[in-house]
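One structure is given here, and the rest of the page talks about it.
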Amino acid sequence: MFYGISIYKLDNGKFEVTSPDLPECVFQADSVEEAQNLACNNLPACMELFYRQKRRAIPLPTPIAEDDYPIRVPTRVQAKILLWNYMVNNRYRVADMARMLKVSQTQAQRLVDLTKDGASMEALDDAFDRLGMAFTLTTEKKA
């Protein structure tokens with residue numbers, strides 16, 4: 001899963017970074033390289049702040065524009081995004097998921113916390129399995 005970011009040079013010499021898929025995610029960097037590195041950390045943090053904490057579904061990435069830079073979302077975060085969106089689309093709260101999955105509320109919270117590594121891939125896979133779904137992976141050549 002890759003999100004596109006747009007990088008624009010500002011009059012002050014800094015670079016502004018935006019994401020067409022996550023319009024609330026805007027930040028500045030001193031170079032294009034720094035912008036790309038910051039985006040790897042900032043995209044999940046923006047998803048957490050602007051979507052998860054507001055109980056909104058996280059937009060999935062659209063095809064990346066020719067001039068944009070692809071930012072790969074870690075596999076664990078991809079699974080958490082999909083699980084979170086499932087919860088939102090079905091109007092489940094974390095407490096509901098905890099009951100459905102027969103885990104503590106803390107464990108359920110870890111399954112959807114985008115900025116921490118508290119849930120293993122096995123725990124996420126088990127959660128999807130208990131919900132009657134499967135998390136599948138694909139491979140693709142880097143851009």
Side-chain angles (χ1 to χ4, degrees), residues 1-10 14-143:
M1 183 182 289
F2 290 84
Y3 281 84
I5 60 167
S6 303
I7 302 175
Y8 306 98
K9 189 163 187 169
L10 301 173
K14 291 193 178 276
F15 293 85
E16 181 175 86
V17 181
T18 62
S19 174
D21 298 314
L22 306 165
E24 299 88 348
C25 187
V26 178
F27 59 94
Q28 291 185 4
D30 292 327
S31 68
V32 170
E33 183 178 301
E34 181 186 30
Q36 291 174 302
N37 290 334
L38 285 173
C40 292
N41 293 323
N42 287 359
L43 289 182
C46 287
M47 292 173 191
E48 180 78 22
L49 178 65
F50 295 112
Y51 294 92
R52 205 179 78 70
Q53 289 186 6
K54 295 182 181 182
R55 297 207 35 79
R56 296 169 49 203
I58 297 167
L60 296 177
T62 56
I64 297 170
E66 187 175 317
D67 294 338
D68 286 353
Y69 296 84
I71 300 299
R72 184 185 165 281
V73 175
T75 306
R76 184 185 334 243
V77 175
Q78 293 178 41
K80 290 179 176 194
I81 291 168
L82 296 175
L83 183 59
W84 175 254
N85 285 353
Y86 174 82
M87 287 176 56
V88 170
N89 292 335
N90 288 285
R91 299 178 195 254
Y92 295 139
R93 296 171 300 139
V94 172
D96 299 326
M97 290 299 289
R99 280 191 296 280
M100 292 168 58
L101 299 173
K102 298 181 177 152
V103 298
S104 71
Q105 190 156 341
T106 301
Q107 289 171 305
Q109 180 70 36
R110 289 179 186 147
L111 293 171
V112 292
D113 189 334
L114 301 172
T115 59
K116 297 181 183 151
D117 292 337
S120 68
M121 283 304 298
E122 291 79 10
L124 287 157
D125 191 46
D126 287 346
F128 282 111
D129 190 49
R130 288 181 186 170
L131 296 170
M133 302 180 339
F135 175 67
T136 59
L137 298 172
T138 60
T139 58
E140 57 186 78
K141 190 170 178 85
K142 283 185 169 183

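Tyr51 approaches Pro23 most closely through the heavy-atom pair OH-CD, 3.8 Å. Nearest heavy-atom pair, Gly118 versus Arg110, reported as atom, atom and distance to 0.1 Å: O-CD, 3.6 Å. Here the shortest heavy-atom pairing between Leu43 and Cys25 reads CD2-SG, 3.7 Å. The shortest heavy-atom contact between Ala108 and Val103 is N-CG2, 3.9 Å. Shown here for Leu22 and Pro59, the closest heavy-atom pair between the two residues is CD2-CD, 3.9 Å.
Atoms CD and CG, on Glu122 and Asp125 in that order, are 8.0 Å from each other to the nearest 0.5 Å. Taking CD from Gln78 and CG from Leu114, the interatomic distance works out to 11.5 Å, rounded to the nearest 0.5 Å. Within the model, atoms CD1 of Ile58 and OH of Tyr3 stand 6.5 Å from one another, a figure rounded to the nearest 0.5 Å. One distance of note links CE of Met97 with CG of Leu111; it measures 7.0 Å at 0.5 Å rounding. Note: Glu48 CD to Lys80 NZ = 8.5 Å, rounded to the nearest 0.5 Å. Taking CD1 of Ile64 as the start and CD1 of Ile5 as the end, the distance is 9.5 Å to the nearest 0.5 Å.
Judged purely by atom type and a 3.5 angstrom limit, Asp21 uses its side chain to pair as donor or acceptor with the backbone of Thr62. Formation of a donor-acceptor pair under 3.5 Å by the Ser19 side chain with backbone atoms of Gly4 is found in this model. No donor-acceptor distance shorter than 3.5 angstrom exists from the side chain of Gln105 to the backbone of Ala98, with no hydrogens or angles considered. With Arg52 contributing its side chain and Met47 its backbone, the two residues share no donor-acceptor pair below 3.5 Å. With hydrogens and angles disregarded, no donor-acceptor distance shorter than 3.5 Å links the side chain of Glu34 to the backbone of Ala29.
Salt bridge annotation for Asp96-Arg93: present, with a cationic side-chain nitrogen under 4.0 angstrom from a carboxylate oxygen. The pair Arg56-Glu24 meets the salt-bridge criterion, since a charged nitrogen lies less than 4.0 angstrom from a carboxylate oxygen.
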Candidate pair Val17 and Leu38, rule side chain to side chain contact (heavy atoms under 4.5 Å, CB included), full reasoning: CA-CA 9 Å; Val17 181; Leu38 285 173; over 6 Å; no
Residues Asn85, Leu60; criterion side chain to side chain contact (heavy atoms under 4.5 Å, CB included); working and verdict: CA-CA 9 Å; Asn85 285 353; Leu60 296 177; 4.0 Å; yes
Residue pair Phe128, Leu82: steps toward the side chain to side chain contact (heavy atoms under 4.5 Å, CB included) verdict: CA-CA 10 Å; Phe128 282 111; Leu82 296 175; 4.1 Å; yes
Criterion side chain to side chain donor-acceptor pair (under 3.5 Å) on Gln107 and Ser104, from CA distance to verdict: CA-CA 5 Å; Gln107 289 171 305; Ser104 71; 3.2 Å; yes
Phe135/Leu83 under side chain to side chain contact (heavy atoms under 4.5 Å, CB included): CA gap, chis, key distance, verdict: CA-CA 9 Å; Phe135 175 67; Leu83 183 59; over 6 Å; no
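The shortest side-chain heavy-atom distance between Met1 and Val77 does not fall under the 4.5 Å cut-off. Contact of the Phe2 side chain with the Pro61 side chain is not registered, since no non-hydrogen atoms from C-beta on lie closer than 4.5 Å.
Atom CD of Gln53 has more than 12 neighbouring heavy atoms from other residues, nucleotides or ligands inside a 6.0 Å radius.
Using cut-offs of 30° and 60° for the angle between ring planes, the Tyr92 and Tyr86 rings count as tilted.
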